[in-house]
Each structure stands twice: as C-alpha cells, then as structure tokens.
Undergrad: 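I am attaching a structure below and will ask some questions about it afterwards.
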Amino acid sequence: MCSALPYFVAANLSNPNLTLQRIYFYNVAFLISKIIAFHRKKTYFRLIHSINCHKKMHKSSLIILLKTFEPLEFREFGKFVASPFHNGRKEVIKFFEIIKLFYPGFDSNKFSKYELFRKLYPSKEYDDSAIRKLASFLTKLAEDYIAYVGLRRDDFYPEMSLIISLSDRGLHGLAAKKLQLIEEKFKLFNGDSEFFFWKKFLIERHKSAAYSYTHQDHLASETILKRTDNISYHMTILLSKGMMDLKLYEKNFNVDYSKSDFNRLILNIDLETFIQHLKTSNNGNYPVIAINYYESMAFLHPENDMYFTEFRTLLKNETHKFSFVEQVNYYSMFEAICTLKIESGRQEFSKELFDVYKEMLEKKLYSYYPGGQFILRIFRNIVHTGIALKEYSWLEGFLERYMQELPPDSRKSMGNLANALLLFEKGEFERSLEKLVKIDYELFHFKIDIKTLHLKIYYALNCFDEAYSLIDTYKHFISSNKFISLRYRERAGAFLDILKRLLDLKLSKNPENSGRITKDFYDKTSILEKDWLALKISEINQ
C-alpha cells in the first residue's frame, strides 16, 4: 500500500483544500474500493464460468445417457462403476458418487463442472480438462453398461460366445453340451421371425464345426441340411421385408431404389414358387415365413386381392405366435395396405380396416410395448376411420376409454382434433372451429388434418377470404416440406384445386362451370377428402 501512496499523493497535492491526512485516508478508501470491485468482477466471472460449465455438463453425452437410466438401472450402474473388473480408477468412482446426488433430473443450480471439481479437489485451482477426462471415462463405462444390459436381454449371443470360446480352448465336449441346451430352446418358434432362423442357422453351423473339430465329418450331413434350410427361411423373410421397406420409403420420402443391387437380386428370385412349396409340403415354418411374404406383396400390389386375403388370414390366425412388437408391426402394415385400397376408390375396405382396429384394441396392440402409451398415429387413424363410417357413438366411447392412454404432451391436442372432427360431422361448425384453435399447432404432428378441417369449416361458413388465404398457405406447406410424399402431394393438390374451383363457383354463383368441375373431379383417381367433395359437388348440381 505504501508503494502506491506517492502516486495518489502526487495526484492530489494539487488540491489545496486537502490536508496530507485527508489525502492518506482518501487513498486508502480508493484502494479498498478497487479491491472490492476486483473481487466483485472475479466473482462475476466465476459465476458466468459456472453457468457455462453447467450448460455444457447438462448437455454432455454423459448426462444424456444417465437421464435414460431407470432407478434400478442407475443403482446397478453404480455397482458396475465400483467393480474393479470394469473400472480401476478411484477418481471415477468418486466422480460418480458426486454426480449421482443430482440424479434423475441433473437440473440443480449447483450441478456444474466447476462445483463438481470443487467437491473432488477442494484445494486445487479449477482445471476443465480434468473434469472432461473423468466425464469421458464415466461415459465409456455407461456405454459398456448399456451394451452389457442389451446383451443380457437376449441370452442367445452370450451363450453362443461361450460355446465358441470353449471350442477355441479345445473343450469340445463341454461346448457340445452347451449346444444341445441352446438347441432345445429353439425347437419351437419363439416369436422373432427375422432372427429366429438366423439363430438356428448359427446353431447348426457350430454343430457342423464341432464335428470337424472332433474328426466326425461323416456325421455332419443332417446338420448341413438344416443349416442351409434355415438360411433359406431367414433370407426369404429378409428379402420380403426388404422389398416392402424400399417401396415404403419410395412412397413416403421420394427415394428411388430402382437401380439398387437389391432390386437386381429380387428380379432373379422366384419367391412365390418357394412359398407355395412350403405350403404344399406342409412345412411347419410356412405361416411364419408366408406372413412376411404376403404382407410385402399385398403392400407392393394393392390391386391384387389374393395377396391381401392371404395376409389377412395369416394375420388373424397366426399372429399370436409372434412377439408383441411384431404383432403391432403386422397390424400397422395391414392398416397401410387398407388405406392404399381406400385411396384408390375401394371404399369397402374401410369396414375391413375398422374391424382390424377393433381386433387391435381387443388384443391391446396399440402401443410400442405391452402396457405402453397409445401410438398417436394409430389413434388418429382410428378416429378418421370411425368418422368415415359414421360410427359416431362408437367413436365417442372410444375417445372416453382411450384418451388417457395417449402421450401426455399430445393428449389435449389429439382430443381437440378428434372432437373438432366429430362436431363438424354433426354440423356444429363454429364449435368445431373453437376446438381447432385450441390445438398447439407448432407442437402437434397432424398439421395437415388441421388445415384440411379448417378449409372444410370455412367452406361451410362461407368464409371466402379465410379459405383462399389458407389454400395458398396449404399449397406452400405441401410443396416446401420434403418429408411429404409425392403421392400425398398429388392427393392434397387435387383436393385444393377442386375446392378452390368450388369456392369460385359458390362466390360467383355461375352454374355453367359446375359440369366441368364435376367431370374433372370424377376423372381423378386419387384425391383427398373425396367423399366430402363429392357431396359438395352434388349440392351445387342440384
């Protein structure tokens, strides 16, 4: 402080009103204020640094992973981290012990890299690299734990790994016993069509290898036959699913797979003959393989009712053999196939679809896992199908029964949309509009449904300006959104074209154009809201 005095004294001697004592106290006060300001500034930067560290930690891969852990998993992961077999770093264990205090939300104001470091190393200067290194080690352990849990859900691969390792150690007798045990588990279909036959193929493959190891190649003929049969079943299912997946993405996301190697392969394989061979030879695996084939063919060729009928029969009689997820997937694809038929003008398939929805509800096949939340897309489609068939009473009961099973963030909006649709059908257009405006448009998935219903209400209420404006917005929406399929753009575009011409006609009251609109409408094979438009055209022509 003394070294600083000469400067301040010199600076203030020019003021004759200040005595030397007053100058001294002035300088001391000045220095104290500077020290306080310095510490305030330092505290401020430490606070900003802590906030930034909190943000980075909150969004780190480690915390994103840990947030997905259920309480039981989180406790089990703690044991995993503490195990010397998995982790030899004591600092990582201590790091986890501090982090777990903030589980499950990790949203405390005290949760920051700076605070974690202070708890770990109270006497050291903050070092960001040390926290990043510990977080990296713990992230790797979390990934290892997730991989371990995933393997544990299906004991086939760990058991097969054990069999291979026993064989590598020359313990062929022990490996053979393990193979017998795992083979016993796969005598009957266990509900996983895509991988069941692959697993059986691997079993027979290792049985064949075991004969070679023990110089008993002459005994391998049967296992080679089973091995090749199982790979043919597996490949038939994969090829069937592959054909369907490619076509699905072509339709929905405007992707062209026509020149792919897969398509070249398919063109040279006669799956139909193979499927018929399985059926006529009474092969016990026929239903499992055939349902995948006919599902694919019914989707690829919606005009062919034979494929559809075969798929429907297998769906009704054989799906109990499959896993829950596969059952949901088969029913969802049947729903898509019915929709394609309905869009082509075959309205009789609406009743078929409605009956399948009732089956799904009876079997509780409307979530991604048993007891899960209602899949929003399926819920929406059930509502539309019920309205198309004028099953209003049934639909009201459905909404009352299943609304609470929807995801909470979509429940209110889906309820408002469903009720808006019902109110519109009952002719209560203003009330329908009131429900529509309550939907959180930015968060809701079915924006097209909202726009379409808005247009129908505006037409019914003669809100011409609003209708014309929304038609322009709608056109821009479907043309600029790359995730809307070409098929849907064409259907929606045809709807908007006819509706605009009906509005023009309604506004001008010029009857001479109605015949041309009617002809153009009935010339279109695929159009959105076809039944409603047909009704509006008939009203104008009366």
Undergrad: For I439 and M414, run side chain to side chain contact (heavy atoms under 4.5 Å, CB included): C-alpha distance rounded to whole Å, both residues' side-chain angles, the deciding distance at 0.1 Å, then the answer.
TA: CA-CA 8 Å; I439 297 173; M414 188 67 244; over 6 Å; no

Undergrad: Begin from the C-alpha positions of L62 and I99 and carry the test side chain to side chain contact (heavy atoms under 4.5 Å, CB included) through to its verdict.
TA: CA-CA 10 Å; L62 173 63; I99 277 183; 3.8 Å; yes

Undergrad: Indicate yes or no: at least one non-hydrogen side-chain atom of Q373 is less than 4.5 angstrom from one of E405.
TA: no

Undergrad: Does NE2 in H320 sit with more than 12 non-hydrogen atoms of other residues, nucleotides or ligands closer than 6.0 Å?
TA: yes

Undergrad: Are more than 12 heavy atoms from other residues, nucleotides or ligands located less than 6.0 Å from atom NZ of K363?
TA: yes

Undergrad: Is it true that, when you exclude L181 itself, more than 12 heavy atoms of the residues, nucleotides or ligands shown sit nearer than 6.0 Å to its CG?
TA: yes

Undergrad: Any idea which heavy atoms bring S193 and I237 closest together, and the distance?
TA: O-CD1, 3.3 Å

Undergrad: List the steps, then state whether side chain to side chain contact (heavy atoms under 4.5 Å, CB included) holds for Y369 with V325.
TA: CA-CA 7 Å; Y369 55 88; V325 172; 5.7 Å; no

Undergrad: Just how far is it from atom CD1 of I203 to atom CZ of F197, taken to the nearest 0.5 Å?
TA: 12.0 Å

Undergrad: Are T319 and E326 packed together at the side-chain level, in the sense that at least one heavy-atom pair is separated by less than 4.5 angstrom?
TA: no

Undergrad: Roughly how far apart are L134 CG and K113 NZ, rounded to 0.5 Å?
TA: 11.5 Å

Undergrad: When you look at CZ of F186, are more than 12 heavy atoms from neighbouring residues, nucleotides or ligands closer to it than 6.0 Å?
TA: yes

Undergrad: Using a 4.5 Å cut-off on heavy atoms from C-beta on, say whether the side chain of V383 contacts that of L399.
TA: yes

Undergrad: Looking at K140 and D144, does any basic side-chain N land under 4.0 Å from a carboxylate oxygen?
TA: yes

Undergrad: What closest approach, in Å, do K438 and N416 show between heavy atoms, and which atom pair accounts for it?
TA: CB-ND2, 3.6 Å

Undergrad: To check you understand the geometry: which heavy-atom pair defines the closest contact between F156 and I182, and what is its length?
TA: CD1-CD1, 3.3 Å

Undergrad: Using a 3.5 Å distance criterion without hydrogens, assess whether the side chain of N263 forms a donor-acceptor pair with backbone atoms of Y257.
TA: yes

Undergrad: Salt bridge or not for D440 and K412, using N-O below 4.0 Å?
TA: no

Undergrad: Is it the case that E335 and Y330 place a side-chain donor and acceptor less than 3.5 Å from each other?
TA: no

Undergrad: Under 4.0 Å between a side-chain nitrogen and a carboxylate oxygen: does that hold for E76 and K79?
TA: no

Undergrad: Does F379 form a ring pair (Phe, Tyr, Trp, His ring centres under 6.0 Å) with F398? I'd like the steps, not just the answer.
TA: CA-CA 10 Å; F379 193 98; F398 166 78; 4.8 Å; yes

Undergrad: Using the salt bridge (Lys or Arg N to Asp or Glu O under 4.0 Å) criterion, which residues pair with E425? Sequence neighbours excluded.
TA: none

Undergrad: Do R118 and Y126 meet the cation-pi criteria used here (NZ or CZ under 6.0 Å from the six-membered ring centre, within 45° of the axis)?
TA: no

Undergrad: Quick one: salt bridge (Lys or Arg N to Asp or Glu O under 4.0 Å) partners of E97, sequence neighbours excluded?
TA: K100

Undergrad: Ignoring hydrogens and geometry, is there a side-chain-to-backbone donor-acceptor pair from S323 to D192 under 3.5 Å?
TA: no

Undergrad: For side chain to side chain contact (heavy atoms under 4.5 Å, CB included), just list the numbers for Y488 and L528, CA-CA rounded to whole Å, side-chain angles, deciding distance to a tenth of an Å, and then say yes or no.
TA: CA-CA 8 Å; Y488 193 89; L528 199 66; 3.4 Å; yes

Undergrad: Is the closest basic N to carboxylate O distance between E318 and K321 below 4.0 Å?
TA: yes

Undergrad: Any side-chain heavy-atom pair from T385 and I342 closer than 4.5 angstrom?
TA: no

Undergrad: When you measure from the side chain of S432 to the backbone of E428, do you find a donor-acceptor pair of N or O atoms at a distance under 3.5 Å?
TA: no

Undergrad: With the threshold set at 4.0 Å, does a side-chain nitrogen-carboxylate oxygen contact exist between K426 and E396?
TA: yes

Undergrad: Measure the spacing between CG of L238 and CG of N292 and express it to the nearest 0.5 Å.
TA: 9.0 Å

Undergrad: Taking C-beta and beyond as the side chain, do L417 and K435 meet within less than 4.5 Å on heavy atoms?
TA: no

Undergrad: Should T452 and E529 count as side-chain neighbours, where that means a heavy-atom distance under 4.5 Å?
TA: yes

Undergrad: How far apart are the closest heavy atoms of K358 and W394, and which atoms are they?
TA: CE-NE1, 3.9 Å

Undergrad: Give the intermediate values and the outcome of ring pair (Phe, Tyr, Trp, His ring centres under 6.0 Å) for residues F429 and F424.
TA: CA-CA 5 Å; F429 306 126; F424 179 85; 5.2 Å; yes

Undergrad: Test salt bridge (Lys or Arg N to Asp or Glu O under 4.0 Å) on D128 and R132 and set out the steps.
TA: CA-CA 6 Å; D128 192 68; R132 282 190 281 110; 2.8 Å; yes

Undergrad: Look up atom CZ in F102 and atom CZ in F111, then write down how far apart they are to the nearest 0.5 Å.
TA: 6.5 Å

Undergrad: Please determine if K67 and D107 form a salt bridge, counting it only when a charged side-chain N lies under 4.0 Å from a carboxylate O.
TA: no

Undergrad: Could you tell me the separation between the CZ atom of F446 and the CD1 atom of I450, rounded to the nearest 0.5 Å?
TA: 9.5 Å

Undergrad: Grab the two heavy atoms, one from I478 and one from A492, that are nearest each other, plus how far apart they are.
TA: CD1-CB, 4.0 Å

Undergrad: Is the shortest distance from a Lys or Arg side-chain nitrogen in E159 or K178 to a carboxylate oxygen in the other one below 4.0 Å?
TA: no

Undergrad: When you measure from the side chain of H234 to the backbone of E194, do you find a donor-acceptor pair of N or O atoms at a distance under 3.5 Å?
TA: yes

Undergrad: Please check if atom OH in Y157 has more than 12 non-hydrogen atoms from other residues, nucleotides or ligands closer than 6.0 Å.
TA: yes

Undergrad: Are any side-chain N or O atoms of S469 and backbone N or O atoms of D465, one a donor and one an acceptor, separated by less than 3.5 Å?
TA: no

Undergrad: Counting neighbours of OH on Y148 that are heavy atoms of other residues, nucleotides or ligands and sit closer than 6.0 Å, is the number greater than 12?
TA: no

Undergrad: Please determine if K451 forms a cation-pi arrangement with F477, meaning its NZ or CZ atom is less than 6.0 Å from the six-membered ring centre and no more than 45° off the ring axis.
TA: yes

Undergrad: Kindly give the heavy-atom pair with the smallest separation between L65 and E143, and that separation in Å.
TA: CD1-CG, 3.9 Å

Undergrad: Would you confirm whether N87, through its side chain, and S83, through its main-chain N or O, come within 3.5 Å as a donor-acceptor pair?
TA: no

Undergrad: Please say which of F74, F69, Y145, F80 ends up in a ring-ring contact (aromatic ring centres under 6.0 Å, His included) with F96.
TA: F74

Undergrad: Step by step, work out the ring pair (Phe, Tyr, Trp, His ring centres under 6.0 Å) result for Y121 and F117.
TA: CA-CA 6 Å; Y121 312 109; F117 186 90; 4.9 Å; yes

Undergrad: Do Y331 and Y366 make the cut of ring centroids closer than 6.0 angstrom?
TA: no

Undergrad: Mind checking whether Y402 and I382 have side chains closer than 4.5 Å, heavy atoms only?
TA: no

Undergrad: When you measure from the side chain of R411 to the backbone of Q404, do you find a donor-acceptor pair of N or O atoms at a distance under 3.5 Å?
TA: yes

Undergrad: To the nearest 0.5 Å, how far apart are OH in Y233 and CZ in F201?
TA: 14.0 Å

Undergrad: Answer yes or no: does atom CZ of R152 have more than 12 heavy-atom neighbours from other residues, nucleotides or ligands under 6.0 Å?
TA: yes

Undergrad: Measuring only between side-chain heavy atoms, which start at C-beta, is F77 closer than 4.5 Å to L141?
TA: yes

